[in-house]
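Data first, discussion second: the structure below is written as structure tokens.
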Amino acid sequence: MNTTVRIKASDIYKDWHVIDGAGRALGRVASEAAILLRGKHKPTYEPHLDDGDFVIVVNAAQVKVTGRKSEQKKYHRHSGYPGGLKTRSYAEQMARYPERVVEKAVWGMLPGGSLGEAMFKHLKVYRGPNHPHQSQMTGSQRAQAQRAEATAALAEQPRKVARLRPLGVPAAVAEALAAEAAAALVAAEVPAPAVPAETEVKPRSTRKVAAEAVSPEAAPAEVAAKPRRTRKIAAEAASPQATSVLEAAPAVKPRARRKAVETVEAAAEATPEAVTEAKKPVRRRAAKTEE
């Protein structure tokens, strides 16, 4: 699995680099210096951190420009007073301050604000081939060698594999464990607790119906096995007065149980002539509208 390493400000290290500008284009030298100052050459580059290195530019007086830039390029400065604007061409600036030409080019390639100012302080520009930072260069080379050795030693060490989360016990394994536990109980001759067969097999609702059937006030077995509403209809239909009506009446649908009960009650009180009249089909006639 690939992970991104985010460097902290406390883990930043800075090396020293030397760039020789003799005979090179001004833009090439400035862009190379800006990349090193920003730290884009490092795998731990962070745009919001000053992760760059120190850069030394030597032979700044020997950088070159192409075309007519030496005549067209202008450098401006202002004293802050009215009429204090001063302007110089590229040739005049290179003759007096070649370091400022390189610094100006690099500053334009750095981010603005305090971050760019902090990076710009790590730039050292000298017009000749000499610089006073030889001791820093030696220390930087030693630090690079130490980091290379530490990286090689770390690569030789065996990589530790991250521990995985334990998997859940499958159902087959759980059943096997339960069978082993049961076999162990049988081997130890431990009697299992006695449970009545009917109570163990039958569900709760069945046990309740069976208990009602055993009681002396309970209805017959065929009535007790039926649902509650069906038992009520059967008890009302068992009366001798409604037996003949139920035999002649059509089968009652489940959705019209309440209506069937009311019909049975009315039929029990009705006369045989009324029952015969009730069996006749009812014809619906459309209501005539008066003109």
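All figures in this text were calculated on a predicted structure; none of them were measured in a lab.
Minimum interatomic distance between M109 and A34 (heavy atoms only, all atoms of both residues): CB-CB, 3.7 Å. The two atoms that bring V101 and Q93 nearest to each other are CG2-CG, 3.5 Å, heavy atoms only. Closest heavy-atom contact between A61 and P98: CA-CB, 3.8 Å.
By the 4.5 Å heavy-atom criterion applied to side chains, R68 and Y90 are not counted as neighbours. Looking at heavy atoms from C-beta onward, H41 lies in side-chain contact with H17 at the 4.5 angstrom threshold. Residues L123 and L37 have side chains in contact (heavy-atom distance under 4.5 Å, counting atoms from C-beta outward). When side chains are defined from C-beta on, S89 counts as touching K74, because their heavy atoms get closer than 4.5 Å. Looking only at side-chain heavy atoms (C-beta outward), V18 and D20 stay at 4.5 Å or farther from each other. Between Q157 and L154, the closest side-chain pair of non-hydrogen atoms falls below 4.5 Å.
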Checklist entry - Run the side chain to side chain contact (heavy atoms under 4.5 Å, CB included) check on D11 and K8 step by step: do they pass? => result CA-CA 5 Å; D11 300 334; K8 301 178 182 178; 3.9 Å; yes
Next on the checklist: Let's go through D50 and I12 carefully: what are the C-alpha distance in whole Å and the side-chain angles of both, what is the deciding distance for side chain to side chain contact (heavy atoms under 4.5 Å, CB included) to 0.1 Å, and is it a yes or a no?
Outcome noted: CA-CA 8 Å; D50 182 14; I12 293 176; 5.6 Å; no
Item to check | N130 and V58: CA distance, side-chain angles, deciding distance, side chain to side chain contact (heavy atoms under 4.5 Å, CB included) verdict | outcome: CA-CA 7 Å; N130 301 324; V58 296; over 6 Å; no
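One hydrophobic cluster, built from ILVMFWY side chains closer than 4.5 Å, cannot hold both V102 and I56; they sit in different ones. Criterion: ILVMFWY side-chain heavy atoms under 4.5 Å apart, direct or through other members. Under it, Y126 and M94 are not part of a common hydrophobic cluster. Both V65 and I19 are members of a single hydrophobic cluster when ILVMFWY side chains are connected at heavy-atom separations under 4.5 Å.
L110 CG to L115 CG: the interatomic distance, rounded to the nearest 0.5 Å, is 9.0 Å. One finds the CG atom of L26 at 12.0 Å from the OG atom of S70 (value rounded to the nearest 0.5 Å). A distance of 12.5 Å separates CD in E149 from CD in Q144, rounded to the nearest 0.5 Å. Taking CG of N59 as the reference point, atom CD of Q62 lies at 4.5 Å (rounded to 0.5 Å). Here R96 contributes atom CZ and Y75 contributes atom OH; the two are 14.5 Å apart, rounded to the nearest 0.5 Å. One distance of note links NE2 of H131 with NE2 of H133; it measures 7.5 Å at 0.5 Å rounding.
Judged by distance alone, the side chain of K14 and the main-chain N or O of D51 form no donor-acceptor pair under 3.5 Å. Looking at S140, its side chain never comes within 3.5 Å of a backbone N or O of Q136 through a donor-acceptor pair.
Taking a cutoff of 4.0 Å between a charged side-chain nitrogen and a carboxylate oxygen, R100 and E103 do not qualify as a salt bridge. No salt bridge links D53 with R38; every basic N to acidic carboxylate O contact stays at or beyond 4.0 Å.
Annotation for K73: atom NZ does not count as buried by contact number, only 12 or fewer foreign heavy atoms lying within 6.0 Å. More than 12 heavy-atom neighbours from other residues, nucleotides or ligands sit within 6.0 angstrom of CZ on R147.
For residues 110-135, the set of pairs meeting the salt bridge (Lys or Arg N to Asp or Glu O under 4.0 Å) definition, not counting sequence neighbours, comprises E99-R127.
Taking F120 as the reference, W107 meet the ring pair (Phe, Tyr, Trp, His ring centres under 6.0 Å) condition, with sequence neighbours excluded. The ring pair (Phe, Tyr, Trp, His ring centres under 6.0 Å) check on F54 picks up W16, H122, with sequence neighbours excluded.
Checked options H76, H78, E92; the residue passing with T87 is H76 (criterion: side chain to side chain donor-acceptor pair (under 3.5 Å)).
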